[in-house]
*Asks:* 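First the structure, which I've put down as structure tokens, then a few questions once you've had a look.
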2 protein chains.
Amino acid sequence: MAQLSSVYRRLEEGRRRLTPQRERIIKIFLERPGQHLSAEEVHQLVKRDFRDIGMATVYRALELFTQLEILQRIHFNDGRARYEINRHTTNVHRHHHLVCLRCGRVEEFQEDLLDDMEDRLARERGFQVVDHELKFYGTCQQCNRKQGGRVLS
Amino acid sequence: MAQLSSVYRRLEEGRRRLTPQRERIIKIFLERPGQHLSAEEVHQLVKRDFRDIGMATVYRALELFTQLEILQRIHFNDGRARYEINRHTTNVHRHHHLVCLRCGRVEEFQEDLLDDMEDRLARERGFQVVDHELKFYGTCQQCNRKQGGRVLS
DNA sequence: ATACGTGCAAAGCCTTTGCAGGTGA
DNA sequence: TCACCTGCAAAGGCTTTGCACGTAT
């Protein structure tokens, strides 16, 4: 798992430690590329190895990694934060989300068109873009086939 | 205010009433096109006319209007929901958001490029888009001029 | 009469914070 | 030693719900 060294380096720069719990948390994300986990989900997964870990530790780790730009916090309009590996800093191309309103699954997709938009925003409105976020809400292929079900919320 | 009749029609379809409080709330949004108000902000504004209105009523109205697709709920990754008039259903063109990380101001901008993307998603992945959401995070012109300040969170 | 709406207070989530004890450098 | 980390419990913020009373049809 090559990416761990990069995590370690960023922690060191801030004089923070890679404790066993934090390592497990990062690995949970590295083992599940393209998943968007809530704090609660992460907690359940870490508990397999650290039975006594508390939510506070999970939240503190997620917050720390978010500040170090190792993780990224996302909201899908359901009131709880989710986290994913920040691929921007791991040199994989930026991606976006397809949120299915029937089954709740979140798919990803790649898109390059936005770079042009960012340039235009800087030129025409003086807005310097640091990050962007694009989400499509709708119904996924699988749900479209089943038909009939009711759209959530 | 022509749009109020459309609000009234949609309420009637669901056998819900346009009470004075609800009317005031809708007007607050109609009077402020392009603003993204939190429940708390709406509460403060309604209180000018209804001193005793409670947060519960505000939340229930916001929830109702969101379900009727008169308002739209948005999250800017700060943990609180904001609401804006759903222009999709009032036939004004869809717009998106520029969130300034220094001063917190939210600007809007128009963009048509996404329709092509939606077509491609349907064709290539069978994902039927109902709605989309595009946000750019960065620093606004005003803040860029002032320089120096620290970027939030 | 019936269904809907309101304000108040209480409860519910998700998340953060304070604290005492533990651990790594 | 010193700064950092952890689990627990308590507190915080935002939002929802239960209830009794009011109101429109």
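A note on names: the letters A, B, ... follow the listed sequences, proteins ahead of strands, and every chain is numbered from 1.
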*Asks:* What residues, two or more places apart in sequence or in another chain, satisfy side-chain hydrogen bond (donor to acceptor under 3.5 Å, both in side chains) together with A:E23?
*Replies:*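 If we apply the side-chain hydrogen bond (donor to acceptor under 3.5 Å, both in side chains) test to A:E23, skipping adjacent residues, the hits are A:K27.
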
*Asks:* Between B:N77 (CG) and C:dT15 (P), how many Å, whole number?
*Replies:*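 Going from CG in B:N77 over to P in C:dT15 covers 12 Å.
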
*Asks:* Atom CG of A:L18 and atom C1' of C:dA25: how far apart are they, to the nearest Å?
*Replies:*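 Whole-Å distance recorded here is 15 Å.
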
*Asks:* Can you check the A:E63 CD to D:dT6 C1' distance for me, whole Å?
*Replies:*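 Atom CD in A:E63 sits about 17 Å away from atom C1' in D:dT6.
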
*Asks:* Is there side-chain contact between A:R10 and A:R16, with at least one heavy-atom pair below 4.5 Å?
*Replies:*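 With C-beta onward as the side chain, the pair stays apart.
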
*Asks:* Between B:R17 and B:S38, which residue's closest nucleotide on DNA chain D lies nearer the 5′ terminus?
*Replies:*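 Nearest-nucleotide comparison on DNA chain D picks B:S38.
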
*Asks:* Which of residues 45-61 of chain A have a heavy atom under 4.0 Å from DNA chain D?
*Replies:*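 Residues of residues 45-61 of chain A that come under 4.0 Å of DNA chain D are, in numerical order, A:D52, A:I53, A:G54, A:A56, A:T57, A:R60.
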
*Asks:* B:Q21 side chain N/O closer than 4.0 Å to the phosphate oxygens (OP1, OP2) of C:dT6?
*Replies:*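 Yes.
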
*Asks:* List in chain and number order the residues that pass ring-ring contact (aromatic ring centres under 6.0 Å, His included) with A:F76, two or more places apart in sequence or in another chain; answer none if no residue qualifies.
*Replies:*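 For A:F76 the ring-ring contact (aromatic ring centres under 6.0 Å, His included) partners, ignoring immediate neighbours, are A:H36, A:H97.
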
*Asks:* When the distance from CG of A:D78 to P of C:dG12 is rounded to whole Å, what number comes out?
*Replies:*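 A:D78 atom CG is separated from C:dG12 atom P by 20 Å.
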
*Asks:* Kindly write out the residues that satisfy ring-ring contact (aromatic ring centres under 6.0 Å, His included) with A:Y59, not counting sequence neighbours, or none if the list is empty.
*Replies:*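 With neighbours one apart ignored, the set is empty.
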
*Asks:* Please determine if a side-chain N or O atom of B:T19 lies less than 4.0 Å away from the OP1 or OP2 oxygen of C:dT6.
*Replies:*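 Affirmative; the distance criterion is met.
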
*Asks:* According to a strict under-4.0 Å criterion, is B:R80 in side-chain N/O contact with OP1 or OP2 of D:dC14?
*Replies:*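 Looking at the OP1 and OP2 atoms of D:dC14, one of them is under 4.0 Å from a side-chain N or O of B:R80.
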
*Asks:* Please report, rounded to the nearest Å, how far the C1' atom of D:dC5 is from the CZ atom of A:F65.
*Replies:*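 Taking atom C1' of D:dC5 as the reference, CZ of A:F65 is at 12 Å.
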
*Asks:* Applying side-chain hydrogen bond (donor to acceptor under 3.5 Å, both in side chains) as the test, list every pair that has at least one member in residues 46-58 of chain A; sequence neighbours left out.
*Replies:*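 Matches after skipping sequence neighbours: A:R24-A:D49.
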
*Asks:* Got a sec, which residues hit side-chain hydrogen bond (donor to acceptor under 3.5 Å, both in side chains) with B:R120, two or more places apart in sequence or on another chain?
*Replies:*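 B:R120: side-chain hydrogen bond (donor to acceptor under 3.5 Å, both in side chains) contacts with A:E111.
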
*Asks:* Hey, is the side chain of A:R22 poking within less than 4.0 Å of OP1 or OP2 on D:dT6, counting only N and O atoms?
*Replies:*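 The answer is yes; a side-chain N or O of A:R22 sits under 4.0 Å from OP1 or OP2.
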
*Asks:* Can you tell me how far P of C:dT6 sits from CD1 of B:I25, to the nearest Å?
*Replies:*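 Atom-to-atom, B:I25 to C:dT6, this comes out as 8 Å.
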
*Asks:* Write down the distance between CG (A:L62) and P (D:dT6), rounded to a whole number of angstrom.
*Replies:*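 Distance, rounded to whole Å: 12 Å.
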
*Asks:* Check whether any side-chain N or O of B:N144 sits under 3.5 Å from a backbone N or O of A:F127 as a donor-acceptor pair, and report yes or no.
*Replies:*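 No; zero donor-acceptor contacts below 3.5 Å.
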
*Asks:* Over how many whole Å does the gap from A:L37 atom CG to C:dT15 atom C1' extend?
*Replies:*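 After rounding, the reported distance stands at 17 Å.
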
